[in-house]
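Read through the structure below, which is laid out as structure tokens, and then see the notes.
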Amino acid sequence: DTAVGVIVNEKFKVHSKKDVILSAGAIGSPQIMLLSGLGPREELESVGITCLKDMPHVGKHMEDHIASALRFSSKGNKDIGSVNDKKAEGFPGAFFSLYDYIFKGQGILSSSSYDGTLFYRSSNPPSDPGPDIQIGVFCSPGNTGLFEGNLKYKDNYLLKQNELYDDSEGFLLVPTLLHLRSRGEVRLKSVDPLAAPLIEPNYFDNNEDIQSGIEMLRKCLEIVKQHPLSDMVNPEPILPLDMIKKHGSSESDEFWEDFLRSYANTLYHPTSTLKIGKVVDERLRVYGIPNLRVIDASIMPHIISGNTNAPSIMIGEKGTDLIVEDYSLKQNVCNYDPPAKWLSFL
Ligand SMILES: Cc1cc2nc3c(=O)[nH]c(=O)nc-3n(C[C@H](O)[C@H](O)[C@H](O)COP(=O)(O)OP(=O)(O)OC[C@H]3O[C@@H](n4cnc5c(N)ncnc54)[C@H](O)[C@@H]3O)c2cc1C
């Protein structure tokens with residue numbers, strides 16, 4: 001049952017002397033384990049893979065953050081954030097943006113466009129401590145590329161609004177559920193290692209998640225009615241026309257439930273598919289498979305109340321420390337001089 005290496009393809013096999021480190025992310029790592037015959041027996045056999053070890057938790061317990069976007073237009077189409085992306089394109093837009101930034105410290109180049117964020121606990125938070133809602137504040141109204149490309153709003157979402165156009169001014173609130181009660185899973189569709197796995201996120205499987213989602217959307221509507229935002233933006237968000245046609249207005253909880261189910265999106269923060277306590281131990285070693293370790297976002301016992309990239313890097317650092325300790329290796333200290341030090345010399 002010991003991990004001894006990795007088959008990259010038919011011609012290329014890598015043999016390991018110590019640990020095999022699985023680090024393909026919360027989707028890729030469970031996929032590789034499943035392809036290797038480590039996972040729920042029935043599921044593996046149903047796609048024609050011989051089960052080497054029945055491991056019912058592999059690929060299960062997936063958590064994620066799910067968000068929707070509410071676009072508010074500014075009163076009188078006033079520029080409230082100076083970060084409309086059209087302003088930085090071509091000439092003279094790019095020239096003026098550069099001028100604004102260099103001489104006034106203002107404009108699109110002074111902003112990441114993700115200008116603020118609010119964390120809070122809803123009235124019915126799950127048991128995890130910490131905030132369960134995040135509302136991102138973007139001083140950019142988003143364009144058709146965002147709404148129709150990334151968020152999959154129906155065709156011409158912005159162009160069909162009578163008085164609106166793609167580069168109209170405004171801002172976005174991005175309310176996000178940080179601790180869904182529902183859990184997703186990663187399974188195999190086929191034995192082909194190059195085929196995408198099946199991802200079943202099961203968002204909104206749990207009605208309490210819907211209730212928290214509706215509450216967070218209503219909180220956004222409350223926020224824009226407060227001074228000083230109320231002086232700058234129209235309090236009604238621009239909503240997808242198909243939703244308005246279907247429900248008549250956006251008053252009801254049914255409207256917002258439908259909005260969440262139709263338009264909420266993953267923030268691409270999957271975690272916990274090989275979580276500590278179920279698939280790996282506290283030193284990230286896979287239970288029952290000597291010499292196999294997982295070091296990536298899939299080991300998180302639960303998703304955290306914030307973005308997952310920095311914690312994944314931290315997991316990488318910690319995983320390295322664990323390997324160094326377990327094999328009594330010499331820690332390699334990196335003596336990299338940060339650029340600031342070189343600049344101070346100038
Ligand atoms: C579109 C997008 C936007 C995001 N934005 C943010 C953000 O703004 N802030 C934030 O904090 N987080 C963000 N995240 C999440 C963040 O990127 C992840 O949480 C983090 O990268 C997870 O790190 P990881 O090491 O677990 O996996 P990854 O970074 O995904 O690394 C896994 C690696 O394994 C490789 N791999 C997978 N399968 C195989 C295979 N079979 N064979 C060989 N290699 C394989 C992949 O190509 C990848 O290089 C975003 C993610 C996405 C997808």
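Since the model is a prediction, treat every value here as computed from it, not as a measurement. Order of appearance sets the numbers: ligands from 1, and atoms from 1 within every ligand.
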Residue pair R283 / D281: nearest heavy atoms and the distance that separates them
N-OD1, 2.8 Å
Could you walk me through whether K275 and H57 pass the side-chain contact (heavy atoms from CB on, under 4.5 Å) check?
CA-CA 8 Å; K275 65 196 267 179; H57 296 289; over 6 Å; no
Checking side-chain contact (heavy atoms from CB on, under 4.5 Å) for the pair I133/T176: CA distance, chi angles, key distance, verdict?
CA-CA 6 Å; I133 309 284; T176 307; over 6 Å; no
Non-hydrogen protein atom less than 4.0 angstrom from atom 2 (C) of ligand 1:
yes
Which residue and heavy atom of the protein sit nearest atom 19 (O) of ligand 1, plus the separation
T308 OG1, 2.6 Å
Quick one: look up the protein heavy atom nearest atom 53 (C) of ligand 1 and list residue, atom name and how far away it is.
Y268 CB, 3.5 Å
Proximal candidate to atom 4 (C) of ligand 1 [heavy atom criterion; set T266, L267, I32, N309]
L267
Numbering the atoms of ligand 1 from 1, which are under 4.0 Å from a heavy atom of G25?
26 (O), 27 (O), 32 (C)
Given the protein's heavy atoms, is any one of them under 4.0 Å from atom 13 (C) of ligand 1?
yes
Does S312 approach ligand 1 within less than 4.0 angstrom via side chain, backbone, both or neither, non-hydrogen atoms only?
side chain
Would R293 and D326 pass as an ion pair if we require N to O under 4.0 Å?
yes
Of S23, G28, P197, P193, the residue with the heavy atom nearest atom 33 (C) of ligand 1 is S23
Counting only heavy atoms from other residues, nucleotides and ligands, does the tally under 6.0 Å from OH of Y120 exceed 12?
yes
Nearest non-hydrogen protein atom to atom 36 (N) of ligand 1, with distance, is A24 CB, 3.8 Å
Quick check on atom 9 (N) of ligand 1 - does any protein heavy atom sit closer than 4.0 Å to it?
yes
Heavy-atom distances under 4.0 Å are what count here, so tell me which part of Q31 touches ligand 1: side chain, backbone, both or neither.
neither
Protein heavy atom under 4.0 Å of atom 29 (O) of ligand 1
no
Residue, atom and distance of the protein heavy atom nearest atom 6 (C) of ligand 1 read H269 NE2, 4.0 Å
Could you check whether atom 47 (O) of ligand 1 has a protein contact, counting only heavy atoms that fall below 4.0 angstrom?
no
Kindly confirm or rule out an N or O of N307 lying under 3.5 angstrom from an N or O of ligand 1.
yes
Give the intermediate values and the outcome of side-chain contact (heavy atoms from CB on, under 4.5 Å) for residues N307 and N309.
CA-CA 6 Å; N307 286 12; N309 193 45; 5.7 Å; no
Test F138 against every option in F171, F72, Y114 by the ring pair (Phe, Tyr, Trp, His ring centres under 6.0 Å) rule and name the one that passes.
Y114
Can you tell me how far apart OG (S16) and CG (N291) are? Round to the nearest 0.5 Å.
6.5 Å
Any protein heavy atom at under 4.0 Å, with atom 26 (O) of ligand 1 as the reference point?
yes
For atom 24 (P) of ligand 1, what's the nearest protein heavy atom and its distance?
D296 CB, 4.0 Å
Test item: D242 and Y263 side chains (from C-beta on) under 4.5 Å apart, heavy atoms
yes
Report the residue from H269, Q134, H179 that forms a side chain to side chain donor-acceptor pair (under 3.5 Å) with H65.
H269
Please tell me if atom 44 (N) of ligand 1 is touched by the protein, where touching means a protein heavy-atom distance below 4.0 Å.
no
Heavy-atom count check: over 12 atoms from other residues, nucleotides or ligands less than 6.0 Å from L52 CG?
yes
Please round to the nearest 0.5 Å and tell me the distance separating atom CG of D253 and atom CZ of F259.
14.0 Å
For ligand 1, which atoms, with element, lie under 4.0 Å from some heavy atom of A297?
26 (O)
Below a 4.0 angstrom heavy-atom separation, can you tell me which part of I27, side chain or backbone, both or neither, approaches ligand 1?
neither
